[in-house]
Amino acid sequence: MSTNIDPATVPDWPAPVVRLAGQGSVEVDGVSLRLPQGLDGAEARGWAVQHVASKYARLGRPIRVTAIEPDGTRFPLIVHPDGTVQAAPEEAPARRRGLRLPSPASRKGSVSLAKNPGEQREATGKSQARGLIAVGVFLSVIALIAVVVLNISGSGDPTQAPNTRTQATASGPATPPPANLPKPAPDGWTTRAAWSLPISADVTPAVAPNGTVATVTAKGELAVLDPATGLTRWTAEVPYGASGALVFTRIDGQDVLALSSGQTLNYWALDGKQHPRTTVELTANGGTISFAGDSPLVNLDEATAGIITKGKVRTVDLPVKSTALAADDASVLAADGTGHVWHLSPGQKKPGKGLQLQPPGKGKGKGKKAPAAHLARVLGIDSKRLAGIWQSGTSTTATVYAARDGKPLATAKAGQDVDISTVRSAGELVALGPLLLNTADGSGREVTGTTPKAAAAGRIYAIDQQQRTHALTAGADTVIGGDDVALPLGVADRRALVVADKLGQRTLYALNPGTSGQQPAPDNSGEVEPPKPPGQGQ
């Protein structure tokens, strides 16, 4: 690419700063990047400039870069998408038309060639000439090593730097950079991310069913993102010290984004131009929040539960020995160890007898005796479904029921001594320990030795006893690697959103769709349990 262009035609934005920090690292826009092993001095300069060229190549035009030596000397440069570089006079931006620039000021670390203030004006031309000579030397060094640097593989690839962060400027926000995932990708996506964003290590991001993505950034700011580009749609303040998992849910009939920390629930309205935060203090009686249902469920002591409405907790009395499983805007779903199920509303005086879950197989076959099965456990799935675990002799059967009328939706049998305490669901698929049930057609099967860990886009991800990761669908079981596989938070705009640590930085990656390595897997007295809060058991 030709570098013979007028610097005055190059826009002010973006204008990254590259600083040689020494000790095997450089800084780009204040973010420290680790240099490939063996690079130092002139090679470090070349690597840093090539990194910037690659990072901003998607703009398809030259950009302005300021390179700063360890002694503070500055080199204003024009960097082209292909990595070629040319000098840029310091005062070129001020001569461009239609640009609003701050008033001139001396730069920290700059070197004045004048011996005293009276000589400053006279020395301006000499300063410019000498500066350009120095830039020429700088550029010649970069030109000599650029090819070498670009051929370094692995950690030397500047596009793989996970800590690169594009700042928002007066010209508008910049798209977060692409990056390579540092671990195996989930089934169906590549390890190359369309964009990546440094995030808080204390708060887990969330992906809504409609594709909205939310996270707390590395700067501690709540951000709702465009899944296609990673650009921020809107931001909001997060309470100091907040931790946990973001959750998309519904309160008072509206979609909200919620974050539960200790005895406090914070939530933000998603609709409208303003997104005010509402804070709800839970009661001092051990209140905790579950998000298994359509709305937050407040689990309280002394046989009570609650729903959130108008920024407050409205309590519901539970029948004796029953457990709250999930909530919607108006009611709490509860069940007891005998298989009775209730929908309870605040202010309801009498719970009634409730529904009675029927054992699997009862009533089937004319003249046949129902199997002697007893209910061992009731598990919550969501506001509309729950599961009963039945035992008969040495066999265990799991049945998923419709919460509204108790109708059986799907049934599966398991071998002896299996752990059916972990629940995950992805649409019509429900995983109860090693059992996979499809409520669309009523089928069910056992995926021997697996424990479900995550669910997204019609897949349930499980870990087996050999620590292999399985991607389970209605008709397939695909082994995609060991337990280090990145499990998706959700899928938006055909991209899988995953979280991974790279060089000490927690990062959110939006993975491109693709084909990962695939191989078929081998064939292979009641207790009521509420659903676990987000992030537990994963």
Side-chain angles (χ1 to χ4, degrees), residues 33 50-60 81 150 153-166 173-199 204-215 217-218 223-233 246 248 426-427 453-461 469-473 476 478-503 505-519:
L33 303 178
Q50 296 302 318
H51 165 76
V52 169
S54 177
K55 176 181 176 182
Y56 292 99
R58 64 183 178 277
L59 295 177
L150 288 177
S153 61
S155 60
D157 182 355
T159 65
Q160 297 184 25
N163 289 356
T164 49
R165 183 169 51 207
T166 306
T175 302
N180 286 347
L181 185 69
K183 56 172 60 179
D187 180 54
W189 286 274
T190 67
T191 55
R192 183 63 175 171
W195 54 265
S196 62
L197 182 70
I199 62 172
T204 302
V207 182
N210 67 0
T212 304
V213 179
T215 189
T217 67
V224 173
L225 310 174
D226 181 342
T229 63
L231 290 172
T232 299
R233 291 175 174 171
L246 291 169
F248 288 98
K453 294 293 184 180
R459 290 177 170 90
I460 292 178
Y461 296 88
T469 300
H470 296 241
L472 308 177
T473 60
T478 302
V479 176
I480 54 176
D483 61 350
D484 197 37
V485 171
L487 301 180
L489 300 168
V491 175
D493 194 49
R494 297 185 68 243
R495 292 189 170 98
L497 280 300
V498 303
V499 171
D501 291 334
K502 191 172 183 181
L503 298 180
Q505 173 65 64
R506 182 67 54 86
T507 303
L508 176 64
Y509 296 88
L511 304 182
N512 288 312
T515 303
S516 57
Q518 301 178 3
Q519 64 182 78

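This chain uses plain numbering: 1 for the first residue, then up along the sequence.
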Check your understanding: Can you list the steps and then say if R192 with N512 is a side chain to side chain donor-acceptor pair (under 3.5 Å)?
Key -> CA-CA 6 Å; R192 183 63 175 171; N512 288 312; over 6 Å; no

Atom [atom1] in [X], atom [atom2] in [Y]: separation rounded to 0.5 Å?
X: L225; Y: D493; atom1: CG; atom2: CG; answer: 12.5 Å
X: L487; Y: I460; atom1: CG; atom2: CD1; answer: 12.5 Å
X: W195; Y: T229; atom1: CH2; atom2: OG1; answer: 8.0 Å
X: T473; Y: R459; atom1: OG1; atom2: CZ; answer: 7.0 Å
X: D187; Y: T469; atom1: CG; atom2: OG1; answer: 11.0 Å

Show the nearest heavy-atom pair for residues [X] and [Y], with the distance to one decimal.
X: A426; Y: A456; value: CB-N, 4.3 Å
X: A500; Y: L181; value: CB-CD1, 3.9 Å
X: A206; Y: L246; value: CB-O, 3.2 Å

Just so I know, are the side chains of [X] and [Y] near enough to count as touching, which here means a heavy-atom distance under 4.5 Å?
X: L511; Y: T191; answer: no
X: P176; Y: S196; answer: no
X: L472; Y: Y461; answer: no

Check your understanding: Which residues satisfy the side-chain contact (heavy atoms from CB on, under 4.5 Å) test with P209, sequence neighbours excluded?
Key ->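 So P209 forms no side-chain contact (heavy atoms from CB on, under 4.5 Å) with any residue.
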
Review point. In chain order, what residues pass the side-chain contact (heavy atoms from CB on, under 4.5 Å) check against A492, with sequence neighbours excluded?
Key: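 A492: side-chain contact (heavy atoms from CB on, under 4.5 Å) contacts with V207, V213, P227, L497.
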
Practice item. May I have the step-by-step check of side chain to side chain contact (heavy atoms under 4.5 Å, CB included) for K183 and Y509, ending in yes or no? Key: CA-CA 11 Å; K183 56 172 60 179; Y509 296 88; over 6 Å; no

Practice item. Verify, without hydrogens or angle tests, whether R495 (side chain) and A228 (backbone) share a donor-acceptor contact under 3.5 angstrom. Key: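 Yes.
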
Exercise for review: Could you check L489, L508, I199, V499 and say which one makes a side chain to side chain contact (heavy atoms under 4.5 Å, CB included) with T204?
Suggested key: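 The residue from L489, L508, I199, V499 that satisfies side chain to side chain contact (heavy atoms under 4.5 Å, CB included) with T204 turns out to be L489.
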
Review point. Looking at residues at least two apart in the chain, or sitting in another chain, which of them share a salt bridge (Lys or Arg N to Asp or Glu O under 4.0 Å) with R494?
Key: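 Salt bridge (Lys or Arg N to Asp or Glu O under 4.0 Å) list for R494, sorted by chain: empty.
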
